[in-house]
Amino acid sequence: MEAPKTVEDTVEIEQIDWAQRWQAYRRLQELAIPCWCATNQPLRVRLSSFHAMIQLDSVLRQLTYDRRELATWLEDCWKLDSNR
């Protein structure tokens, strides 16, 4: 995923397969993040805030990381929080 150039930009998500693309599309719709998806086309997402960027990252992470990677990422987040 290429970082948006402005606070409001549209990005194309190409690194996920078709089944994951539709899962991501549905989840982003639930989160009220504007997105478009057509058959044999990449998922397009309009990012209008940094909050939306973080949510997109989270959705893609859940779909593309395996269970061990997600567990490690979560443990690292807990460690960061406990160091405050």
Hey, what do you get for [atom1] ([X]) to [atom2] ([Y]), rounding to the nearest 0.5 Å?
X   : Y   : atom1 : atom2 : result
R61 : L56 : CZ    : CG    : 11.0 Å
I16 : Q23 : CD1   : CD    : 9.0 Å
S48 : M53 : OG    : CE    : 11.0 Å

* **Fellow cluster residues of Y65, listed by chain then number, with links counted only when side-chain atoms sit under 4.5 Å apart** => L70
* Asked: In the hydrophobic clustering that connects Ile, Leu, Val, Met, Phe, Trp and Tyr at side-chain heavy-atom distances below 4.5 Å, which members other than I54 occupy its cluster, ordered by chain and number?
  -> none
Using the test side chain to side chain contact (heavy atoms under 4.5 Å, CB included), find all partners of [X] that sit at least two apart in sequence or belong to another chain.
X   : value
N40 : none
R68 : D66, T72
S58 : Q62

For residues 29-37, which side-chain donor-acceptor pairs fall under 3.5 Å, sequence neighbours excluded?
from, atom 1, to, atom 2, distance (Å)
Q29, NE2, C35, O, 3.4
E30, OE1, R27, NH1, 2.9

* Would you please name every residue forming a salt bridge (Lys or Arg N to Asp or Glu O under 4.0 Å) with R26, sequence neighbours left out? =>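 Here no residue qualifies.
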* Asked: Is the shortest distance from a Lys or Arg side-chain nitrogen in R21 or D17 to a carboxylate oxygen in the other one below 4.0 Å?
  -> no
* To do: Assess whether side-chain contact (heavy atoms from CB on, under 4.5 Å) is satisfied between L28 and V45, documenting all intermediate values.
  => CA-CA 9 Å; L28 293 169; V45 183; 3.8 Å; yes
* To do: Output yes when a side-chain donor or acceptor of E14 lies under 3.5 Å from a complementary backbone atom of P42, and no otherwise.
  =>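 Side chain of E14 to backbone of P42: no pair is present.
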* To do: Would you indicate whether the side-chain heavy atoms of I13 and L60 approach each other to under 4.5 Å?
  =>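 Of all side-chain heavy-atom pairs linking I13 with L60, at least one is under 4.5 Å.
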* To do: Only pairs at least two apart or in different chains count here, so list each salt bridge (charged side-chain N to carboxylate O under 4.0 Å, His left out) that has a residue in residues 32-44.
  =>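 Output for this query lists E12-R44.
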